[in-house]
Chemist: 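Below you will find the structure I want to go over with you.
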Amino acid sequence: MGVVRIVEWSDEALRALDRVPFFVRKRVRARVEEEARARGADLVTAAHLETCRRRFLKRMEDEVKGYRVETCFGPGGCPNRAVVEESLAPELERRLARKDLKGFLLSRVRGPLKMHHEFQVSVSDCPNACSRPQIADIGLIGAREPRITDEACSLCAACVEICREKALSLNDAGPVLDSGKCLACGQCIEACPTGTLKQGARGYRVLAGGKLGRHPRLASDVGGIFDTDRVLEVVERVVGFYMRYCREGERLGEILRNKGPDELAGFVGNGL
Ligand code: SF4
Ligand code: SF4
Ligand code: SF4
């Protein structure tokens, strides 16, 4: 594979990019950089952006892929990652590509396909949820649960201090965990010097049915923490549920609003 030439962005172009809707910004950015490279430019200008914007709007249906996978900046080296799994996003891309979601949407949507019809998967590597998984059709959030072991606690309180959720307290014997408050960020495990807190379940929580638009809905948690293989299986099942019940290109959140979460739980739960 050839080396991709890096291009810089002018301040004006960056300001214009900020005005592009966030859900297509990444794709527009990549297209604009391609455009600048093709023209031999080292600096992206507002003119490159405008050319791409016009082309993008004119050929919107060609640009629609049928699905999109967004990730947070975790793989770029964020120290907060509760899960470090570089293969998940590319594998999600591969599996979603195999489903021909664009062909599916073309058979369901009346009128031209638009970006908002695409099935969205958003992956965040920790509960800070920077990629906004709560408003995607499927949101995956990295989780690392603490487990209290028999190792003697020094009562140093480092775990209590680091926990932003106030999920940990201390008594004479050691830490007490309020699992109802814990978001499974894993920070207390890192902070514990004695091994009293060790890692329990690690993987991804799965949220389903988030959307914006006229009737916004925050995605609901299907329950559980899944390792990479199982999370891929859950995603396949949720997509299967969506393709079974989607009639006219409606988002998963609308389907869930009508069907109720139990129907999805039945679809997802068996054998996992
Ligand atoms: S979601 Fe967490 S891991 Fe990802 S970029 Fe945000 S803080 Fe970092
Ligand atoms: S995993 Fe995070 S939220 Fe849970 S107790 Fe530890 S620091 Fe608090
Ligand atoms: S559990 Fe670990 S971090 Fe928390 S008080 Fe005990 S030794 Fe310190």
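First listed ligand is number 1; within each ligand, the first listed atom is number 1.
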Chemist: Please answer whether the main-chain N or O of L264 pairs with a side-chain N or O of K259 as donor and acceptor at a distance below 3.5 Å.
Modeler: no
Chemist: Output the list of atoms in ligand 2 that are nearer than 4.0 Å to some heavy atom of L183, sorted by atom number.
Modeler: 3 (S), 4 (Fe)
Chemist: Keeping to distances under 2.8 Å, can you name the protein N/O/S atoms close to atom 2 (Fe) of ligand 3?
Modeler: C192 SG
Chemist: Which pairs pass ring pair (Phe, Tyr, Trp, His ring centres under 6.0 Å) with one or both residues in residues 113-137, sequence neighbours excluded?
Modeler: F119-Y242
Chemist: Counting distance only, does the side-chain N/O of D227 pair as donor-acceptor with the main-chain N or O of G203 below 3.5 Å?
Modeler: no
Chemist: For E34, look at atom CD and say whether over 12 heavy atoms of other residues, nucleotides or ligands are found less than 6.0 Å away.
Modeler: yes
Chemist: Tell me if the CG atom of D150 is crowded by more than 12 foreign heavy atoms within 6.0 Å.
Modeler: no
Chemist: Within the 4.0 Å heavy-atom shell around L168, which atoms of ligand 2 are there?
Modeler: 5 (S)
Chemist: Would you find more than 12 non-hydrogen atoms of other residues, nucleotides or ligands less than 6.0 Å from E50 atom CD?
Modeler: yes
Chemist: Please work out whether any backbone atom (N, CA, C, O) or any side-chain heavy atom from C-beta onward of A184 is under 4.0 Å from ligand 2, and answer side chain, backbone, both or neither.
Modeler: backbone
Chemist: Under 2.8 Å from atom 4 (Fe) of ligand 1, how many protein N/O/S atoms can be counted?
Modeler: 1
Chemist: Verify the cluster assignment for V268 and V239: are they in a single hydrophobic cluster under the rule of side-chain heavy atoms below 4.5 Å apart?
Modeler: yes
Chemist: Identify the protein heavy atom lying closest to atom 4 (Fe) of ligand 2, giving its residue, its atom name and the separation to 0.1 Å.
Modeler: C182 SG, 2.3 Å
Chemist: Please check this pair: side chain of S124 against backbone of C126, looking for a donor-acceptor N/O pair closer than 3.5 Å.
Modeler: no
Chemist: Of all the atoms in ligand 3, which lie at a distance below 4.0 Å from a heavy atom belonging to A157?
Modeler: 5 (S), 8 (Fe)
Chemist: Among all protein heavy atoms in this structure, tell me which lies nearest to atom 2 (Fe) of ligand 2, with the distance rounded to 0.1 Å.
Modeler: C185 SG, 2.3 Å
Chemist: Does K102 reach the main-chain N or O of L106 with its side chain, forming a donor-acceptor pair under 3.5 Å?
Modeler: no
Chemist: Does K26, at its NZ atom, have more than 12 non-hydrogen atoms belonging to other residues, nucleotides or ligands within less than 6.0 Å?
Modeler: yes
Chemist: Honestly curious: do V121 and Y245 fall in one hydrophobic cluster under the side-chain, below-4.5 Å linking rule?
Modeler: yes
Chemist: Enumerate the atoms of ligand 2 whose separation from the nearest heavy atom of E165 is less than 4.0 angstrom.
Modeler: 3 (S)
Chemist: Which option wins on minimum heavy-atom distance to atom 8 (Fe) of ligand 2: C163, A143, A82?
Modeler: C163
Chemist: Given T228, which partner from the list E233, E85, E91 fulfils the side chain to side chain donor-acceptor pair (under 3.5 Å) test?
Modeler: E85
Chemist: What do we get for L177 next to ligand 2 when only non-hydrogen atoms under 4.0 Å count, side chain, backbone, both or neither?
Modeler: side chain
Chemist: Identify, by atom number and element, the atoms of ligand 3 in contact range of L170, meaning under 4.0 Å from any of its heavy atoms.
Modeler: 5 (S)
Chemist: Under 4.0 Å from a heavy atom of G186: give me the atoms of ligand 2 that qualify, with their elements.
Modeler: 1 (S), 2 (Fe)
Chemist: Side chain or backbone of P146 under 4.0 Å from ligand 2, or both, or neither, by non-hydrogen atoms?
Modeler: side chain
Chemist: Tell me which donor-acceptor pairs under 3.5 Å the side chains of residues 177-193 have, and how far apart each pair is, sequence neighbours excluded?
Modeler:
{"residue": "D178", "atom": "OD1", "partner": "G180", "partner atom": "N", "Å": "3.1"}
{"residue": "E190", "atom": "OE2", "partner": "R144", "partner atom": "NH1", "Å": "2.8"}
{"residue": "E190", "atom": "OE2", "partner": "R144", "partner atom": "NH2", "Å": "3.2"}

Chemist: Are E145 and Q199 packed together at the side-chain level, in the sense that at least one heavy-atom pair is separated by less than 4.5 angstrom?
Modeler: no
Chemist: I need the E12 CD to L17 CG distance, nearest 0.5 Å.
Modeler: 12.5 Å
